[in-house]
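First comes the structure, then the notes that go with it.
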Amino acid sequence: TRQEGRGRAFRRDRSRHLRTEMRPDRGIDTYTRTIMLIAVDFDGTIVDHRYPEIGPEIPFAIDTLKMLINDRHRLILWSVREGVLLEEAVEYCRKRGVEFYAVNKDYPEEKTTDRNFSRKLKVDMFIDDRNLGGIPDWGTIYRMIKEKKSYADIVKEEMAEQSEDYYKPKRKWWQLG
């Protein structure tokens with residue numbers, strides 16, 4: 001549906017948070033890239049659980065978040081932390097080069113005093129250590145988002161690669177050489 005807002009027309013998609021961006025591809029053609037709104041937990045996901053302290057970084061967490069930001073995804077820090085503890089978490093990430101689109105809300109301008117405010121975020125994906133089955137490694141998380149694959153798809157691919165190597169026929173000693 002199209003709606004008028006502040007003198008310009010914009011398209012409201014049913015998902016509202018799945019955005020596409022049109023950009024010229026070397027001046028010849030255009031391509032569409034899906035921009036996701038992704039909520040990321042802090043304790044146990046970006047850093048080890050040491051709440052209320054900040055634990056050591058989980059390997060590749062910050063690097064992967066930077067790559068997602070470079071891919072133009074919008075990241076929301078979604079944490080149980082509040083007040084000073086939340087500011088410490090935001091500053092920890094900021095010092096390492098990760099700037100979040102919003103913190104514990106759907107968009108930066110949202111106010112907790114708004115009539116319809118809810119801590120339940122309306123995002124495309126949650127990255128959280130409390131996920132059923134735990135959290136995969138950050139390389140797998142990036143691959144899932146970049147290649148638009150499920151965790152099950154990636155596990156199947158990896159198992160198929162391993163089984164190909166396992167079941168390769170072995171050469172007999174008289175065939176060597």
Side-chain angles (χ1 to χ4, degrees), residues 10-26 28-51 54-81 86 88-110 118-164:
F10 65 93
R11 186 168 181 261
R12 176 177 274 175
D13 208 348
R14 291 185 78 169
S15 68
R16 292 192 336 246
H17 296 291
L18 194 61
R19 296 168 179 84
T20 54
E21 174 184 55
M22 298 299 286
R23 306 185 101 205
D25 184 17
R26 297 188 181 116
I28 299 169
D29 205 344
T30 59
Y31 66 93
T32 302
R33 180 187 343 191
T34 304
I35 299 173
M36 296 177 68
L37 196 56
I38 303 170
V40 184
D41 183 28
F42 185 72
D43 294 293
T45 303
I46 298 174
V47 297
D48 282 337
H49 271 290
R50 300 283 192 274
Y51 184 83
I54 294 177
E57 178 190 339
I58 292 179
F60 306 108
I62 295 292
D63 293 333
T64 304
L65 294 175
K66 288 179 187 177
M67 289 169 49
L68 291 171
I69 291 169
N70 283 341
D71 290 346
R72 311 280 316 261
H73 297 291
R74 291 184 176 177
L75 304 182
I76 296 175
L77 181 63
W78 181 55
S79 177
V80 70
R81 291 175 176 256
L86 181 60
E88 288 173 356
V90 171
E91 189 58 29
Y92 175 90
C93 294
R94 186 176 292 132
K95 283 182 181 176
R96 286 154 181 81
V98 175
E99 291 278 344
F100 291 99
Y101 170 70
V103 177
N104 281 348
K105 48 190 167 186
D106 288 311
Y107 51 92
E109 300 82 19
E110 186 176 34
S118 171
R119 282 284 306 255
K120 177 87 172 183
L121 298 178
K122 298 160 208 71
V123 297
D124 301 306
M125 178 181 293
F126 289 89
I127 301 176
D128 190 355
D129 63 309
R130 302 292 177 150
N131 185 31
L132 183 65
I135 187 168
D137 66 83
W138 278 97
T140 302
I141 290 170
Y142 182 75
R143 191 170 161 208
M144 289 168 61
I145 295 169
K146 182 81 172 175
E147 297 175 13
K148 298 179 180 90
K149 293 184 177 180
S150 71
Y151 185 60
D153 292 338
I154 290 176
V155 169
K156 284 178 192 173
E157 286 177 8
E158 290 175 359
M159 289 179 70
E161 289 171 11
Q162 289 176 1
S163 67
E164 284 175 14

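Scope of the values below: all heavy atoms of this structure, side chains included, with no hydrogens, waters or symmetry mates.
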What's the separation between atom [atom1] in [X] and atom [atom2] in [Y], rounded to the nearest 0.5 Å?
| X | Y | atom1 | atom2 | value |
| --- | --- | --- | --- | --- |
| Met36 | Lys148 | CE | NZ | 9.0 Å |
| Leu68 | Ile38 | CG | CD1 | 5.0 Å |
| Leu77 | Cys93 | CG | SG | 6.0 Å |
| Asp63 | Arg96 | CG | CZ | 11.5 Å |

In the structure I gave you, are the side-chain heavy atoms of [X] and [Y] within less than 4.5 Å of one another anywhere?
| X | Y | answer |
| --- | --- | --- |
| Phe100 | Ile76 | no |
| Ile154 | Met144 | yes |
| Glu91 | Arg94 | yes |
| Leu121 | Leu37 | no |
| Asn104 | Trp78 | yes |
| Lys66 | Val98 | yes |
| His73 | Met125 | no |

Would you check if the side chain of [X] reaches a backbone N or O of [Y] as a donor-acceptor pair within less than 3.5 Å?
| X | Y | result |
| --- | --- | --- |
| Asp48 | Gly55 | no |
| Glu57 | Ile62 | yes |
| Asp43 | Arg50 | no |

Q: Let me see the working for Ile58 and Trp138 under side-chain contact (heavy atoms from CB on, under 4.5 Å), right down to the final yes or no.
A: CA-CA 9 Å; Ile58 292 179; Trp138 278 97; 3.9 Å; yes
If every non-hydrogen atom of [X] is compared with every non-hydrogen atom of [Y], which pair is closest and at what distance?
| X | Y | answer |
| --- | --- | --- |
| Ile69 | Glu99 | CD1-O, 3.6 Å |
| Pro108 | Ala102 | N-CB, 3.9 Å |
| Ser79 | Leu86 | CB-CD1, 4.3 Å |

Q | Sequence-distant partners of Lys146, side-chain contact (heavy atoms from CB on, under 4.5 Å), two or more places apart | A |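 Lys146 satisfies side-chain contact (heavy atoms from CB on, under 4.5 Å) with Asp71, Tyr142 only.
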Which atom pairs, one a donor and one an acceptor, fall under 3.5 Å between side chains of residues 126-135 and the rest of the protein, sequence neighbours left out?
from, atom 1, to, atom 2, distance (Å)
Asp128, OD1, Arg130, N, 3.2
Asp129, OD1, Thr45, OG1, 3.3
Asp129, OD2, His49, NE2, 2.9

